[in-house]
S.K.: 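Would you mind keeping the following structure in view while I ask a few things?
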Amino acid sequence: MSIKKLLAIFKRQRPAPAFREAWHSWDPHPWKHPWLTSRNLRKMRDYSHEFFEREIRKTVGMDSRKLKIGFCGNLANNLYLRARALRREGLDIDIFLHPDDKFVMGQPAWEEFDGILEGPATVEELDAAGVCLGKVPGVYARLPDEADTSLPLPFLRDYDKSHFLPYVEGPYRATLRALHGKDVLWGAQSTYLSYLANRPYVVSQTGGDIWLEAARDDMLGHLQRLAYANARVFVVSNPWSYAHARRYGFRNLIYLPMTLDQTQYRPGHGDSRQGWEARSGGNFFVLTTSRLDEKNKGSSLAIEGFAEFAKHCPGARLVAPSWGNDRELAEDALTKLGIADRMVWLPLSGKEKVRDYLRSADVFIDQFVLGYFGAAGLEAMATGLPVIGRTEVAQYEALCETGAPPILQAINAEEVAQALLGLQSNPAMRKQAGEISRKWFLENHGSDLWFPQYQALLNATAANHRVSWRRSPLNAPLGGEELEYHRAGLATAPPFPNYQW
């Protein structure tokens, strides 16, 4: 028997993983990972361009509109945001929510909802209260449980039957059967469901799935890492995804920006402004739509910066959501700073309402901790608002199509106040900053621009076109600085499985 055949047999007979109630690895601040240099990120950008040139060439003549596509996992509507624009282009995409994700913000209907709620809620709580979000077609929240759990799942790999069958019991079985009936899958959040369905698939990440869950060394952690590693392509949009790839040993990463439907997220005049003026007596509105979260968002920095700015602008009002882990902390800060009467609190609002808020505001304040803009910042730029926040400028400059996003940088309250003063005192500059935001969004995250890449990726994956990662910059061996960084991160990890370090 040839060496090649022996190696193939060995790969099919992988040893059982040794599950441990411990961390596989840990990174307390992946945006600081030593691999995230401008040089490495430029290499990944160029490599991704070449990858999609090949994908588009090899799929000429293929029509993605003929594919049956399943998007699986939808934390904070992460996949539906992509799917909405693709559906507008005629793609047949069904959305499969994680069977246990009942939070309202993970429902596609939330993205279309024009109402408000008293606070965060589950779907069951809304049903009990008689609140109807409306319906989005092609969304499956929880397929009926299979009464006979002894029914075989013939498409499962033998390895997965042996090691991960407990993860497919109950409601997962019906979801897996439905996913297996698709031509191609895209997984995020519950990435392992796309892997276990044993169909061609790609993955992307939502945050905690790659940062925290994949860092576990128990069954869930092993399954998440296996799902990422075996995806035909791991699509990434944030620079820090490469930090996680180095920690886990992944090579299959390609840069493809997360897109928003640019016909839905667009500039305009919001109806909410008139109500804010009547309620507060203000005439200059600074908006943030992120939850109140000091650890991950830096909410107090936004409040302190606004308070300093408000001393010079009597008509200024801070408009913010009234929910989050640190609502009480925010209220205390507002009282101590003497600006409680300058606040306009927003209820938990459906995304159609949020888009109106964005069109009603003058300036947007994003987050200050992680160094990356999230969906909230992207939505603000798409709507044509000037944005203040903190980003890892050099990383974005190296990775993005037209350079770093035009976010006005601030690392302390004084800089937040200075940025606000500059924008408020110069309406022409504020208007120009908003136009630059919109232009950058269209050139870097616009749904029309990136449709050919999305279409080619789905076509090539459905056709099972092989990808060689031999030339990926991620193939470079770990350097001494990286090894020490990984060692130090694990040494300072919180007690397993606590994510709240």
S.K.: Report the C-alpha distance between D209 and Q224 in whole Å, list the side-chain angles of each, state the deciding distance to 0.1 Å, and finish with yes or no for side chain to side chain donor-acceptor pair (under 3.5 Å).
M.R.: CA-CA 8 Å; D209 49 2; Q224 282 283 54; 5.4 Å; no

S.K.: With side chain to side chain contact (heavy atoms under 4.5 Å, CB included) as the test, would you mind laying out the steps for E50 and E55 before giving the verdict?
M.R.: CA-CA 9 Å; E50 295 169 3; E55 293 280 276; over 6 Å; no

S.K.: Using only atom types and a distance under 3.5 Å, with no angle test, would you say the side chain of D217 pairs donor to acceptor with the backbone of H222?
M.R.: no

S.K.: Could you verify whether a donor N or O on one side chain and an acceptor N or O on the other, from D293 and S299, lie under 3.5 Å apart?
M.R.: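 There is no such pair between these side chains.
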
S.K.: Rounded at 0.5 Å granularity, tell me how far CD in E53 sits from CD in Q453.
M.R.: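 Here the interatomic distance stands at 9.5 Å.
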
S.K.: Can you label the angle between the W186 ring and the F71 ring as parallel, tilted or perpendicular, going by 30° and 60°?
M.R.: tilted

S.K.: Hey, mind stepping through F113 and Q107 against side chain to side chain contact (heavy atoms under 4.5 Å, CB included) and telling me if it holds?
M.R.: CA-CA 10 Å; F113 185 52; Q107 310 299 311; over 6 Å; no

S.K.: Passes side chain to side chain donor-acceptor pair (under 3.5 Å), N444 versus T402? Steps please.
M.R.: CA-CA 7 Å; N444 292 271; T402 64; 2.7 Å; yes

S.K.: Give a yes or no answer on whether the side chain of N230 reaches the backbone of L226 with a donor-acceptor pair at less than 3.5 Å.
M.R.: yes

S.K.: I'd like to know if the side chain of D326 and the backbone of E294 have a donor-acceptor N/O pair within less than 3.5 Å.
M.R.: yes

S.K.: Would you name the heavy atoms of G298 and V369 that are closest together and state the gap between them?
M.R.: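 Closest approach of G298 to V369, heavy atoms only: N-CG2, 3.4 Å.
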
S.K.: Report yes or no: do T289 and E379 form a side-chain donor-acceptor pair below 3.5 Å?
M.R.: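 The criterion, which ignores hydrogens and geometry beyond distance, is not satisfied for E379 and T289.
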
S.K.: Would N40 and T37 count as having a side-chain donor-acceptor pair, cut-off 3.5 Å?
M.R.: yes

S.K.: Hey, could you give me the CG/SG distance between L193 and C72, rounded to the nearest 0.5 Å?
M.R.: 4.5 Å

S.K.: Between R246 and P477 (side chain of the first, backbone of the second, donor and acceptor by atom type, cut-off under 3.5 Å), is there such a pair?
M.R.: yes

S.K.: Is there a donor in the side chain of R291 and an acceptor in the side chain of N325, or the other way round, less than 3.5 Å apart?
M.R.: no

S.K.: Going by heavy atoms in the side chains, are W35 and L474 under 4.5 Å from each other?
M.R.: yes

S.K.: Between R177 and Y172, is the side chain to side chain donor-acceptor pair (under 3.5 Å) condition met? List the steps.
M.R.: CA-CA 9 Å; R177 287 187 185 278; Y172 297 93; over 6 Å; no

S.K.: Could you tell me whether a side-chain N or O of N78 sits under 3.5 Å from a main-chain N or O of T206, the two making a donor and an acceptor?
M.R.: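 Here the side-chain-to-backbone pair does not exist.
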
S.K.: Could you walk me through whether V104 and T122 pass the side chain to side chain contact (heavy atoms under 4.5 Å, CB included) check?
M.R.: CA-CA 5 Å; V104 65; T122 65; over 6 Å; no

S.K.: Do R247's NZ or CZ and the ring of Y485 fall within the cation-pi criteria of under 6.0 Å and 45°?
M.R.: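 Verdict for Y485: no cation-pi partner in R247.
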
S.K.: Please name the pair of heavy atoms, one in G138 and one in R87, separated by the smallest distance, quoted to 0.1 Å.
M.R.: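 Residues G138 and R87, closest heavy atoms: O-NH2, 3.3 Å.
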
S.K.: What's the separation between atom CD in E21 and atom CE in M219, rounded to the nearest 0.5 Å?
M.R.: 10.0 Å

S.K.: If you round to the nearest 0.5 Å, how far is CD of Q367 from CG of N296?
M.R.: 8.5 Å

S.K.: When the ring planes of F19 and F164 are compared, do they come out parallel, tilted or perpendicular, using 30° and 60° as the limits?
M.R.: tilted

S.K.: Do you know the tightest heavy-atom contact between P108 and V139?
M.R.: CG-CG2, 3.8 Å

S.K.: Taking the six-membered ring for Trp, are W450 and Y255 parallel (under 30°), tilted (30 to 60°) or perpendicular (over 60°)?
M.R.: perpendicular

S.K.: Is it true that a side-chain atom of S204 and a backbone atom of V235 form a donor plus acceptor pair closer than 3.5 Å?
M.R.: no

S.K.: State which residues pass ring-ring contact (aromatic ring centres under 6.0 Å, His included) with W23; sequence neighbours excluded, sorted by chain then number.
M.R.: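 Scan of W23 (ring-ring contact (aromatic ring centres under 6.0 Å, His included), adjacent residues dropped) gives W26, F496.
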
S.K.: Has R199 got a side-chain atom pairing as donor or acceptor with V184's backbone, closer than 3.5 angstrom?
M.R.: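 Judged by distance alone, no pair lies under 3.5 Å.
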
S.K.: Is R157 close to K161 at the side-chain level, that is, under 4.5 Å between some pair of heavy atoms?
M.R.: no

S.K.: Honestly, is R355 close enough over Y265, meaning NZ or CZ under 6.0 Å from the six-membered ring centre and within 45° of the axis?
M.R.: yes

S.K.: Shortest non-hydrogen contact from N74 to G106?
M.R.: ND2-O, 3.0 Å

S.K.: Which pair of heavy atoms, one from P267 and one from A382, lies closest together, and at what distance?
M.R.: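 Smallest heavy-atom distance, with atoms named: CD-O, 3.8 Å.
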
S.K.: Report the relative orientation of the aromatic rings in Y47 and W469; use parallel for angles under 30°, tilted for 30 to 60°, perpendicular for over 60°.
M.R.: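 Geometry flag for W469 against Y47: tilted rings.
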
S.K.: Would the distance check show the side chain of N252 and the main-chain N or O of Y228 forming a donor-acceptor pair, the cut-off being under 3.5 Å?
M.R.: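 Yes; judged by distance alone, with no hydrogens or angles, the pair exists.
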
S.K.: Could you state the interatomic distance from CG (D160) to CG (N198), rounded to the nearest 0.5 Å?
M.R.: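 Answer rounded to 0.5 Å: 7.5 Å.
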
S.K.: Is there a side chain to side chain contact (heavy atoms under 4.5 Å, CB included) between N459 and S64? Walk through the geometry before answering.
M.R.: CA-CA 6 Å; N459 277 331; S64 58; 3.5 Å; yes

S.K.: Is the shortest heavy-atom distance from the side chain of T383 to the side chain of F441 under 4.5 Å?
M.R.: no

S.K.: Pairs in or reaching into residues 366-397: which pass ring pair (Phe, Tyr, Trp, His ring centres under 6.0 Å), with residues at least two apart or in two chains?
M.R.: W240-Y372, Y372-Y396, F373-Y396, F373-W440, F373-H445

S.K.: Is there a side-chain contact between I69 and L458 in this structure, where contact means two heavy atoms from C-beta onward sitting under 4.5 Å apart?
M.R.: yes

S.K.: Verify the neighbour count for atom CD of Q432: are there more than 12 heavy atoms of other residues, nucleotides or ligands below 6.0 Å?
M.R.: no

S.K.: Could you tell me whether the side chain of E111 and the main chain of K351 form a donor-acceptor pair under 3.5 Å?
M.R.: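 Here the side-chain-to-backbone pair does not exist.
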
S.K.: Contact between S437 and I407 at the side-chain level, heavy atoms closer than 4.5 Å - yes or no?
M.R.: no

S.K.: Take a 6.0 Å sphere around NZ of K66 and say whether it holds more than 12 heavy atoms from other residues, nucleotides or ligands.
M.R.: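 Counting other residues, nucleotides and ligands, NZ of K66 stays at 12 neighbours or fewer.
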
S.K.: In the structure I gave you, are the side-chain heavy atoms of S447 and R88 within less than 4.5 Å of one another anywhere?
M.R.: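 A side-chain contact under 4.5 Å exists here.
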
S.K.: Quick one: does V416's side chain get under 4.5 Å of L301's, heavy atoms only?
M.R.: yes

S.K.: Tell me yes or no: between the side chains of S241 and Q205, is some donor less than 3.5 Å from an acceptor?
M.R.: yes

S.K.: Between H486 and Y248, does the ring centre distance come in under 6.0 Å?
M.R.: no

S.K.: More than 12 heavy atoms of other residues, nucleotides or ligands under 6.0 Å from NZ of K102: yes or no?
M.R.: yes

S.K.: For residues E397 and S38, determine if any side-chain heavy atom of one lies less than 4.5 Å from a side-chain heavy atom of the other.
M.R.: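 Contact flag for E397/S38 side chains = no.
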
S.K.: Which atom pairs, donor and acceptor, lie under 3.5 Å between side-chain atoms of residues 89-97 and protein residues at least two apart or in another chain?
M.R.:
unit_1, atom_1, unit_2, atom_2, d
D94, OD2, K182, NZ, 2.6

S.K.: Just how far is it from atom CG of N238 to atom CD of Q395, taken to the nearest 0.5 Å?
M.R.: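 The distance works out to 9.5 Å.
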
S.K.: Using a 3.5 Å distance criterion without hydrogens, assess whether the side chain of T461 forms a donor-acceptor pair with backbone atoms of P200.
M.R.: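 A pair under 3.5 Å: no.
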
